[in-house]
Amino acid sequence: MEFQDVVRRRRMVRRFTDEPVSEESLQRIMRNAVRGPSAGFSQGQGFLVLRGEQLRRLTEMFEWWSGEDAKTAPVVVIPFSAKEVYLERYAEADKDWTGLADEDRWPVPYWDIDTGMAALLILQTAVDEGLGAVFFGTDKETWPELRAAFGVPDRYVPIGMIAIGHSAEESVSEGASPLRRKRKLFDEVVHWGQWQ
């Protein structure tokens, strides 16, 4: 598929068929995820891929799930960011940021930004593989339980979850925001040389 087709076709899919995701597709999706940008090549991301019994455990544990339909996805990927990995990396000699333990040195949380870019690569690669996917948030209060249930170290923070599978939808999901709101005009969001 051409890249522009991937960009145009990418949307949040909330209903999935029961067809499994091939191992080849899943491997390609995750190999692309780890190719995302990483400030200082810190590589402070981690990805938990859940299928089968582990995925059933996840859906039974948490009620904040992104709607009942999304629970039918055969795969969920949880992208995690690790702030400490970035702080440690930028304290190394080639970066030499003295006092980096204070995260105020960072203008924005690049650990979350880089992990978000990896999540977009997952979404785009799913489209390129002929699959559907939806990114949704998590309830912060459940993070300790999530970490404990799946052996995730405390330094890793889930930025959300991505359900992946074969789409059972022909168009935008019923009730999805794009059905209630129009996309902003290009000139409303892109400013050339001066914010107008």
Side-chain angles (χ1 to χ4, degrees), residues 6-7 9-16 21 26 29-30 32-34 36-39 42-51 54-86 103 106-127 131-169 172-184 189:
V6 169
V7 171
R9 291 182 184 183
R10 200 236 27 97
R11 63 182 172 82
M12 298 302 179
V13 171
R14 291 168 176 82
R15 289 189 315 123
F16 302 92
V21 172
L26 192 52
I29 289 167
M30 296 317 300
N32 284 354
V34 301
S38 177
S42 300
Q43 303 171 76
Q45 295 82 35
F47 303 91
L48 181 61
V49 181
L50 300 175
R51 301 178 279 185
Q54 292 95 358
L55 180 53
R56 276 189 288 285
R57 245 184 343 134
L58 176 75
T59 61
E60 290 168 2
M61 286 174 61
F62 303 110
E63 295 191 15
W64 41 256
W65 192 266
S66 179
E68 289 300 312
D69 287 335
K71 286 184 178 181
T72 64
V75 177
V76 167
V77 176
I78 307 175
F80 290 85
S81 69
K83 172 176 60 179
E84 289 80 14
V85 172
Y86 283 74
E103 68 182 86
W106 291 77
V108 293
Y110 280 93
W111 39 92
D112 292 335
I113 291 169
D114 287 351
T115 307
M117 288 192 231
L120 180 57
L121 286 172
I122 291 170
L123 294 169
Q124 289 180 322
T125 306
V127 170
L131 300 167
V134 60
F135 179 93
F136 55 95
T138 64
D139 185 345
K140 188 174 183 177
E141 287 72 35
T142 65
W143 292 355
E145 185 182 357
L146 175 66
R147 286 189 194 101
F150 296 98
V152 179
D154 287 345
R155 74 189 319 192
Y156 286 90
V157 173
I159 67 155
M161 296 188 183
I162 304 168
I164 302 170
H166 292 271
S167 177
E169 301 172 339
V172 177
S173 303
E174 185 179 325
S177 295
L179 295 177
R180 294 188 303 271
R181 299 180 57 140
K182 291 185 184 235
R183 184 177 298 277
K184 289 185 177 183
V189 293

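Remember, predicted model here, so these are calculated numbers, not experimental data. Worth knowing before you read on, the calculation uses all heavy atoms, side chains too, and leaves out hydrogens, waters and symmetry mates.
- Atom-to-atom distance recorded for T125:OG1 and L120:CG is 9.0 Å, nearest 0.5 angstrom.
- When the side chain to side chain contact (heavy atoms under 4.5 Å, CB included) test is applied to K184, the partners found at least two apart in sequence or on another chain are E188, V189.
- Within the model, atoms CD1 of I78 and OG1 of T115 stand 13.5 Å from one another, a figure rounded to the nearest 0.5 Å.
- Residues I29 and V75 are not in side-chain contact: their nearest non-hydrogen atoms beyond the backbone lie 4.5 Å or more apart.
- Counting heavy atoms from C-beta on, the side chains of V77 and M161 never come closer than 4.5 Å.
- A heavy-atom distance below 4.5 Å is found between the side chains of V34 and F47.
- Between the side chain of S38 and the main chain of Q43, a donor-acceptor pair closer than 3.5 Å is present.
- Under the 4.5 Å side-chain criterion, counting only non-hydrogen atoms from C-beta, L123 is in contact with I162.
- For OH of Y110, the number of neighbouring non-hydrogen atoms (other residues, nucleotides, ligands) closer than 6.0 Å is 12 at most.
- No side-chain heavy atom of Y156 sits under 4.5 Å from any side-chain heavy atom of L48.
- You'll find the side chain of V76 stays beyond 4.5 Å of the side chain of T59, heavy atoms only.
- D114 places a side-chain N or O within donor-acceptor distance of the main-chain N or O of A39, the cut-off being under 3.5 Å.
- Taking 4.5 Å as the limit, some side-chain heavy atom of F150 sits within range of a side-chain heavy atom of L58.
- Although no hydrogens or angles enter the test, the distance criterion places no donor-acceptor pair under 3.5 Å between the side chain of R51 and the main chain of V21.
- Between S81 atom OG and Y86 atom OH the span is 8.0 Å, to the nearest 0.5 Å.
- Looking at heavy atoms from C-beta onward, V157 lies out of side-chain contact with K83 at the 4.5 angstrom threshold.
- No donor-acceptor distance shorter than 3.5 angstrom exists from the side chain of R15 to the backbone of T72, with no hydrogens or angles considered.
- Crowding of R147 atom CZ: a count of heavy atoms from other residues, nucleotides or ligands under 6.0 Å exceeding 12.
- The side chain to side chain contact (heavy atoms under 4.5 Å, CB included) search around L121 returns Q124, not counting sequence neighbours.
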